Every structure is written in structure tokens, then in C-alpha cells.
A.B. asks: 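Just dropping this structure here.
Ligands are counted one by one from 1 in listed order, and the atoms in each one are counted from 1 as well. Since the structure is predicted, the reported quantities are computational estimates derived from the model, not experimental observations.
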Amino acid sequence: MITIQGKGVSAGVGIGPLYFYQRAQATLPRYTVEDTDAEWHRFKGAQTGAIEQLGELAEKARAEAGDDAALLFETHQMMAEDLDYEEAIEQRITEQKMNAEAAIADTADQFAAMFEAMEDTYMQARAADVRDVSRRLLDILSGTVAGGIASDVPVVLAADDLAPSETIQMDKTKILGFITAGGSGSSHTAILARTLGIPAIVGVGAALKADYAGREVIVDGSTGNIVIDPDDMTRDRLMKKREEALRLQRLLETLKGQPNITKDGKTVRVYCNIASPEDVHAVQVNDGGGIGLFRSEFLYLNCDDFPGEDQQFEAYKQVLADMEDKEVIIRTLDIGADKKIGYFGLPQEENPALGMRALRICLTRPEIFRTQLRALYRASALGKLGIMFPMVTSVWEVREAKRICEEVRRELKAEGVPYSEDVKLGIMIETPAAVMVSDRLAKEVDFFSVGTNDLTQYTLACDRQNNDLGRFYDPHHPAVVRMLKLVADNAHKNGIWVGICGELAADLTMTETFLAIGIDELSVSPRAVLPLRNAVRMTDTRETSPRILAALADEYPAH
Ligand code: PEP
Ligand code: MG
């Protein structure tokens with residue numbers, strides 16, 4: 001039995017075989033071939049495999065979502081066997097003696113450029129299809145598995161680190177737990193694990209060795225403990241712990257349908273954070289009161305090219321329709337920092353967390369912003385939508401964003417496209433600058449939502465991605481808590497509501513504090529809803545608030 005200690009970032013006990021994530025090859029092999037016949041056959045084999053895969057995907061899509069959903073895969077199937085495309089590859093292999101991978105990649109570039117140069121927007125969009133089909137062929141040739149998991153049985157997944165774009169694309173039904181060598185508790189991969197309720201442990205460093213692959217492993221996401229080849233006693237102990245957690249969960253289930261009300265009658269809205277329309281199911285199961293943060297950038301991370309207006313509209317529409325008349329707050333894209341996407345073509349930055357990200361991208365490249373806003377406003381006709389802008393530092397940014405929203409609304413009106421006149425506009429408070437001008441910002445918007453993950457990072461000058469910084473990254477720091485109070489006071493003075501959507505919102509040691517400073521909404525991962533409801537219902541603010549407010553004013557425990 002081998003024991004390894006990491007940092008638990010998503011609670012729960014997972015048990016299964018250990019599996020190392022297979023990352024797609026970063027570099028394309030490029031070499032001259034002697035036997036061009038054999039190389040051509042390599043290509044033909046990959047082509048047959050791709051056509052088979054696409055046929056299966058089309059059938060699955062048809063069964064789950066109808067003919068329209070199947071069409072995309074059928075189009076890709078046709079493209080994979082398109083004669084012009086095939087001939088261009090053949091010519092590169094037989095005449096230029098290129099290896100199949102290089103021939104496919106160059107042909108993909110050639111065809112994509114040709115499509116992009118066309119006038120017709122439908123034909124322009126085919127560029128993404130040819131790239132997608134070509135990537136599938138390359139993956140087959142390199143043995144890379146879509147989603148990075150080539151296992152028929154569910155596994156505990158290990159990796160050096162996982163980018164948010166990798167995590168979102170995985171088949172989650174195959175994952176019993178995550179272990180990463182790097183990573184931190186407030187990284188987006190940890191946040192996704194919590195949303196999905198999958199136990200996760202980060203920061204195990206070099207202790208996890210490749211030769212443990214395939215062996216039985218138990219991860220305990222609450223303690224950060226990993227056991228490889230557990231003995232019977234350890235297995236029994238951890239299985240009991242799992243059952244105990246399930247028993248507690250069943251007890252919490254009795255709170256479904258109950259209000260989030262304190263013993264003395266104060267209420268707080270408990271909403272959920274999601275990253276994709278599929279997460280809405282977990283919101284419903286856990287009785288979330290609404291969606292306080294839909295991280296819309298995950299739609300972009302899940303694509304090989306900019307998702308178009310219609311594609312985004314469908315995703316937002318689905319979330320609003322599934323949530324019926326409940327409030328849904330969708331954050332405009334927060335790309336940049338750890339969430340990088342190749343097709344955005346952003347330059348390398350020395351300090352990406354301080355660089356071109358989120359609203360800064362939207363205001364610099366308004367065409368990207370407009371597409372998203374058009375999709376959002378179109379979807380607003382179907383539910384109760386709020387739009388929220390991330391990474392705000394100044395009043396002028398908010399005014400400019402609002403001006404673009406106004407232009408989009410006018411455009412839709414002129415086109416006769418329906419949208420709601422009652423879309424609420426809010427901002428995330430996640431920079432110290434936004435906190436310090438929150439009195440002015442409150443006059444511009446309908447609500448605030450505090451992003452404590454970034455607010456802690458920027459206030460304490462402490463990288464949220466860096467696990468080594470450990471206790472220095474402290475969202476409980478009085479600087480952060482006092483900021484929350486200042487923001488709440490400024491919001492209320494100006495008649496708007498204030499929520500928290502950072503990970504701190506689910507921290508039950510902070511619930512009394514949030515109630516004391518008058519936070520109106522807490523947005524947490526779906527599984528945190530019922531524990532939070534329980535904590536709210538156990539609180540009597542007549543007892544807790546005076547003490548907390550006094551401590552905040554002058555005698556907060558020394559740090
Ligand atoms: C935050 O910063 O607290 C937040 C909710 O946004 P994200 O974690 O996506 O940066
Ligand atoms: Mg943030």
C-alpha cells in the first residue's frame with residue numbers, strides 16, 4: 001500500500017483503476033517517406049476509421065437530439081471522403097513524399113483558407129469543419145483518444161495538470177476522481193470538479209509515478225489523501241466514509257423545497273454556478289434557486305473556432321428554457337489568464353492574469369462581443385436573463401459595454417427579432433479597483449456579483465493558480481472580507497443587490513459573515529446548495545451579526 005498526500009479540492013471518495021491522461025500530440029510529425037504506397041494506405045485506414053466514428057456520432061446525436069444535431073456529423077463524414085480533399089492529400093503523399101500527418105495538416109490549411117476567402121458566410125463556416133475533420137484524422141493516426149480517456153471502465157484520472165479546455169471535453173461518466181501533480185483549489189479545473197461532484201486532489205507533485213498506472217487507487221477529496229493498492233482495513237475505512245457522506249446527503253435532501261431562511265427570518269438567495277447547459281440538470285436536482293454565474297467562456301473552450309451567434313443562442317436558450325421562470329445570469333466571455341484559446345490569436349503575455357482578458361477582449365474586439373450579446377438578447381425572450389461583465393476596473397468600461405448592449409438591442413428591434421426589455425445588467429466585482437469605485441459602479445448597473453477567486457488573487461497579489469502559495473492565498477483575509485462589506489454597503493446605498501459567486505460563497509465558515517454584511521445572493525456549485533441552505537437555517541443573525549460586524553470594524557482577528 002502506498003500513500004500520497006495532496007490538496008483535496010473537491011470532496012468525496014472515489015475508487016477505481018488509476019489512469020494517466022493521454023494528451024493530444026502538441027507537435028505535428030513531419031518527415032519524408034520512401035514508401036508512398038504504404039503511407040497512402042495509412043491515410044486510407046484513418047479515413048475509414050473517421051467515417052465510422054462520425055457515423056456513430058451521427059446516430060448518437062440523432063437519438064439524443066434529433067436530425068438537426070446529426071447533420072453536423074454527416075457533413076463531416078462527407079467532407080472526410082470528399083474527392084477534392086482526398087486528391088489534395090494523395091498528391092502531397094505520392095508526389096511530394098510527405099508523411100500522412102503533414103499532408104493532412106497542409107491540405108486542411110489550404111481548404112480552410114479557400115473557404116474563409118469565400119463571400120458566402122455559410123461557405124466561410126466550412127473552414128471550421130475541414131479543420132475538425134482533419135484533426136479527427138490526425139488523432140486517429142497518432143492514437144490519441146477523443147477526451148483523453150481510452151478506457152472502457154470508469155477510472156481515477158491522473159495528469160500533470162489539466163487545462164479547463166481539456167477538462168470540459170472529457171467524458172465525465174468515465175471519471176471517478178481527479179489527481180493532478182500541479183493545480184490549485186481555485187483553478188477552473190478544481191471548480192469544474194466541484195460542479196460535477198467528482199472528488200479531486202491537486203498538488204501531488206512528483207509522488208505520483210507512471211508505473212502506478214492500472215493499479216487500484218482510492219482518492220479522498222476532503223483530506224487530499226491518495227492510497228494506491230489499499231489494504232482491506234483502509235479500503236473498509238474509506239468505503240464507510242463514503243457511505244457516511246451519502247447518508248448525510250440523504251439527510252440534506254429533506255431540505256429540498258425549503259426556503260433559505262435564518263432562525264430570525266432573514267433570507268438569502270442560493271443560486272448555482274455552471275459551465276455548460278448540461279450542468280443545469282445538477283442545479284435542478286439540488287434545488288438551486290437560479291443560476292448566478294454561467295461561465296459562458298466554456299462554450300468557446302469547447303470549440304475549435306468561434307461559436308457562431310446561432311450556436312450560442314441555442315445554448316443560452318436551452319439554459320433559460322430548462323430553468324423555466326428562474327433567474328439566469330450569464331457572464332460574457334472571460335477568456336484569457338488560465339483560459340486560453342488558440343483561435344483567439346492572443347499574443348503571449350508575461351503576466352496573462354493581468355493582461356488581455358475578459359471584458360478587455362470584448363471592448364477591444366467588439367465584433368466578438370456583439371455576436372455574444374446578440375445571442376444573449378435573442379435568448380432573453382425565452383426566460384429571465386441577467387447579463388454580467390467580468391474583470392471590470394473602471395466606470396468607462398461599464399458604460400462602453402452598456403452602449404454596445406444598447407446598439408445590439410436597437411439592431412434586433414430594427415430586424416424585428418424578439419428580445420426582453422427587462423434584461424438586468426450587472427458586473428463582477430473582482431478587482432480592488434472595482435471595490436474602491438463600487439459606489440460609482442453601483443449607479444451604472446442592476447446588480448453586483450463578487451468574484452472572490454480573482455478578488456483574493458488581485459488584493460493579496462497572490463496567483464490563484466499557484467498551489468505553492470498555500471496559506472498566502474487566503475480569501476478569509478480581512479482585506480478581502482472588509483472589501484465585501486464595502487461593496488455590499490455601496491450596493492445597498494444605491495438600491496441594487498449584491499451576490500458572491502466565487503468559491504468562498506460555499507464556505508460554510510463564512511455564511512454567518514455573509515448574512516451579517518447583508519449579502520443578498522450566494523452562487524455556488526450545485527452540490528453546495530443544500531449544505532449552504534442548512535447553514536443558513538441554523539443561523540440566528542440576532543446572535544451572530546453584532547459580534548461579526550464589531551469584529552470587522554476594528555478587531556478582526558490578527559493576520
Ligand atoms: C471569481 O473570480 O471569483 C469568479 C467567480 O470567476 P472565475 O473563477 O471564473 O474567474
Ligand atoms: Mg474571476
A.B. asks: Any donor-acceptor pair under 3.5 Å linking the side chain of Arg537 with the backbone of Pro259?
C.D. replies: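 Yes, because the side chain of Arg537 sits within donor-acceptor range (under 3.5 Å) of the backbone of Pro259.
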A.B. asks: Within a strict 4.5 Å, meaning less than it, do heavy atoms of the Ile500 and Phe514 side chains meet?
C.D. replies: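 Yes, at least one pair of side-chain atoms sits under 4.5 Å.
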A.B. asks: Could you list which atoms of ligand 1 come closer than 4.0 Å to a heavy atom of Arg464?
C.D. replies: 2 (O), 7 (P), 8 (O), 10 (O)
A.B. asks: Is Asp325 salt-bridged to Lys384, cutoff N-O under 4.0 Å?
C.D. replies: no
A.B. asks: Can you list the atoms of ligand 1 that are under 4.0 Å from a heavy atom of Leu293?
C.D. replies: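 Those qualifying, in numeric order: 5 (C).
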A.B. asks: For ligand 1, which is the ligand I care about here, please tell me if Asp454 has any N or O atom under 3.5 Å from one of the ligand's N or O atoms.
C.D. replies: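 Yes, there is a polar N/O contact under 3.5 Å.
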A.B. asks: Given a threshold of 2.8 Å, state how many protein N/O/S atoms are nearer than that to the Mg ion (ligand 2).
C.D. replies: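 That number is 2, waters not included.
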A.B. asks: Which ligand 1 atoms, with their elements, are less than 4.0 angstrom from a heavy-atom of Cys501?
C.D. replies: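 Result: 5 (C).
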A.B. asks: Considering only protein heavy atoms, which is closest to atom 6 (O) of ligand 1, and at what distance to one decimal place?
C.D. replies: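 Residue, atom and distance for the closest contact: Arg331 NH1, 2.9 Å.
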A.B. asks: Would you mind checking which non-hydrogen protein atom is closest to atom 7 (P) of ligand 1, with the distance to 0.1 Å?
C.D. replies: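 Going atom by atom, the protein heavy atom closest to atom 7 (P) of ligand 1 ends up being His188 NE2, 3.3 Å.
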A.B. asks: Measuring from atom 9 (O) of ligand 1, which candidate in Arg295, Glu297, Met428, Met388 has the nearest non-hydrogen atom?
C.D. replies: Arg295
A.B. asks: Do Asn302 side-chain atoms and Leu299 backbone N/O form a donor-acceptor pair below 3.5 Å?
C.D. replies: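 Here the side-chain-to-backbone pair does not exist.
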A.B. asks: Please list all pairs meeting side-chain hydrogen bond (donor to acceptor under 3.5 Å, both in side chains) that have one or both residues in residues 290-301, counting only residues at least two apart or in different chains.
C.D. replies: Ser296-Gln372, Glu297-Arg331, Glu297-Lys339, Tyr300-Gln312
A.B. asks: Under the salt bridge (charged side-chain N to carboxylate O under 4.0 Å, His left out) test, which residues partner Glu407, sequence neighbours left out?
C.D. replies: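 Salt bridge (charged side-chain N to carboxylate O under 4.0 Å, His left out) list for Glu407, sorted by chain: Arg370, Arg403.
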A.B. asks: Identify the two heavy atoms, one from Phe344 and one from Ile335, that lie closest to each other, and give their separation to 0.1 Å.
C.D. replies: CZ-CG1, 3.9 Å
A.B. asks: Could you tell me whether Lys493 and Asp489 make a salt bridge, using a distance below 4.0 angstrom between a side-chain N and a carboxylate O?
C.D. replies: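 The answer is no: the pair does not qualify as a salt bridge.
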A.B. asks: As an exercise, identify every atom of ligand 1 less than 4.0 angstrom from a heavy atom of Lys339.
C.D. replies: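 Those of ligand 1 that fall under 4.0 Å from Lys339 are 9 (O).
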A.B. asks: Under 4.0 Å between a Lys/Arg side-chain N and an Asp/Glu carboxylate O for Asp338 and Lys340?
C.D. replies: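 No.
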A.B. asks: Does any pair with a residue in residues 515-528 pass side-chain hydrogen bond (donor to acceptor under 3.5 Å, both in side chains), and if so which ones, sequence neighbours excluded?
C.D. replies: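 Pairs touching residues 515-528 that pass the test: Asn273-Ser523, His492-Asp520.
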